[in-house]
Amino acid sequence: MTAFIRTARWVALALTLSAAPALAASGPPPGYVLTDNKDLAFTSPDGATKLEQYMKDSEDLFGVKWQVWARRGDQMTELKPEQGYGAGFRFTSDSQWLVRMQKTGSGEQDLFLYHFENGTFVNATKKSLSDLAWAYFHSRPDTKNMKLDYHISANLMKGTEDAYRWLGVDWPNNRYLLISLSGEMDKHPKNVAVKGLANWRCRYDLKTGTFDVPRMFAKGNAEALNWEIKR
């Protein structure tokens, strides 16, 4: 083989390698450590996806950050956004939807919705699921004027995995999420210790991306709007 031919082949190989896409780094950045808290580890019903939560500590008391990574085989994908606390998760029984129950402060919680697409979980909505639920709450004529000041929390009701059969309903599997909203007010009568909203319930349709309130929640929601604890 002549020197010219050898040189030409090496040049061709170099050009091929330079044109190939670089493999993206997979996993948390340096400084993040996998938590050993077993309550913060979750696996999808089909066993294919494992959720791992990593923490980065700092000298700043409020500087602790958490990242959640979905591991599927040798692929890892971060579930945005990064937060200041660990989170809880629930899958639908078909392993196609995932809800993140994210503590954001004392007595406060947000919800984030993810959908399985192209081999991994991605954010299913542009806004958080909790923001969408609160927007629906404030769009209704019976609730739009209610102002809450603290302990504002959106909660995913138990039963996601079996379509809420414990409520005696016969809804399609993997179709609905039940969300309860709560919060408290700064202003209330002197003879009242706490006043606000307690477990106002609504339903989110994963197929249509819309909210409604099933008739079975009407009475409880009316009571939730008038919740108070007297001194």
Side-chain angles (χ1 to χ4, degrees), residues 35 37-53 66 68 70 79 83 85-116 121 123-125 127-137 140 143 148 151-184 194 196-225 227 229:
T35 178
N37 186 341
K38 295 182 179 179
D39 292 335
L40 296 180
F42 300 86
T43 302
S44 59
D46 62 7
T49 301
K50 297 183 183 300
L51 303 181
E52 299 177 353
Q53 302 197 49
W66 288 78
V68 182
L79 302 183
Q83 293 286 323
Y85 300 89
F89 289 88
R90 288 192 190 134
F91 292 86
T92 51
S93 62
D94 60 359
S95 300
Q96 295 298 300
W97 298 91
L98 173 63
V99 180
R100 176 178 183 167
M101 299 167 284
Q102 181 65 62
K103 176 183 176 181
T104 57
S106 177
E108 301 193 351
Q109 180 171 277
D110 284 338
L111 299 175
F112 296 90
L113 179 64
Y114 306 91
H115 187 232
F116 189 75
F121 281 96
N123 291 82
T125 55
K127 294 183 177 180
S128 68
L129 182 59
S130 48
D131 281 350
L132 295 177
W134 282 112
Y136 173 71
F137 176 83
R140 294 170 54 88
T143 56
L148 301 170
H151 289 169
I152 297 173
S153 181
N155 302 280
L156 181 66
M157 294 175 58
K158 68 177 183 178
T160 308
E161 302 83 357
D162 62 358
Y164 302 96
R165 295 290 186 263
W166 69 274
L167 288 172
V169 297
D170 189 23
W171 296 338
N173 291 328
N174 312 305
R175 176 70 183 268
Y176 297 110
L177 301 175
L178 291 184
I179 298 169
S180 68
L181 302 177
S182 300
E184 298 177 22
V194 181
L197 179 72
N199 296 321
W200 187 91
R201 299 176 176 182
C202 60
R203 182 175 66 172
Y204 182 74
D205 189 331
L206 290 168
K207 184 176 181 180
T208 64
T210 58
F211 289 88
D212 72 342
V213 175
R215 185 177 300 178
M216 62 187 296
F217 295 147
K219 181 180 178 181
N221 281 356
E223 295 173 352
L225 294 173
W227 174 71
I229 299 176

Plane angle bin for F137 and W200 - parallel if under 30°, tilted between 30 and 60°, otherwise perpendicular: perpendicular
Closest non-hydrogen atom pair between S106 and H151, with its separation: O-CD2, 3.2 Å
Residue pair N173, R165: steps toward the side chain to side chain donor-acceptor pair (under 3.5 Å) verdict: CA-CA 10 Å; N173 291 328; R165 295 290 186 263; 3.2 Å; yes
Heavy-atom closest pair, residues W166 and K158: NE1-O, 2.9 Å
Validation row: F91, L51 side chains within 4.5 angstrom (heavy atoms): yes
Spatial distance of atom OH (Y204) from atom OG1 (T210) [nearest 0.5 Å]: 7.5 Å
Which atom of W227 lies closest to which atom of A198, heavy atoms considered: CG-CB, 3.4 Å
Derivation of the side chain to side chain contact (heavy atoms under 4.5 Å, CB included) call for F112 and Q83: CA-CA 12 Å; F112 296 90; Q83 293 286 323; 4.0 Å; yes
Beyond-backbone contact of L98 with L79, side-chain heavy atoms, under 4.5 angstrom: yes
Nearest non-hydrogen partners of G159 and D162, listed with the distance: O-OD1, 3.0 Å
Check: R201 main-chain N/O paired with S180 side-chain donor or acceptor under 3.5 Å: no
Whether R90 side chain and L156 backbone form a donor-acceptor pair below 3.5 Å: yes
Side-chain touch R140/V213, heavy atoms, less than 4.5 angstrom: yes
Approximate separation, where rounding is to 0.5 Å, of F211 CZ and L177 CG: 8.5 Å
Q102 side chain to L111 backbone, donor-acceptor under 3.5 Å: no
Donor-acceptor contact below 3.5 Å, side chain T35 vs main chain Q53: no
Donor + acceptor pair across side chains of N174, S93 (<3.5 Å): yes
Close side-chain approach of D46 and F116, heavy atoms under 4.5 Å: no
Point-to-point distance, once rounded to the nearest 0.5 Å, from CG of L197 to OG1 of T143: 8.5 Å
Nearest-0.5 Å distance, CG of residue L181 to CD of residue Q109: 11.0 Å
Straight-line distance of C202 SG to Y176 OH, nearest 0.5 Å: 13.5 Å
Test item: R175 and L206 side chains (from C-beta on) under 4.5 Å apart, heavy atoms: no
Shortest non-hydrogen contact from T49 toward A70: CG2-CB, 4.0 Å
Donor-acceptor contact present, side-chain T104 to main-chain D110, <3.5 Å: no
Test of ring centre spacing under 6.0 Å for F89 and F42: yes
Main-chain N/O of S153 paired with E108 side-chain donor or acceptor, under 3.5 Å: no
Stepwise ring pair (Phe, Tyr, Trp, His ring centres under 6.0 Å) check, F121 with Y114: CA-CA 6 Å; F121 281 96; Y114 306 91; 7.5 Å; no
I179 CD1 to N155 CG distance, which is reported to the nearest 0.5 Å: 9.5 Å
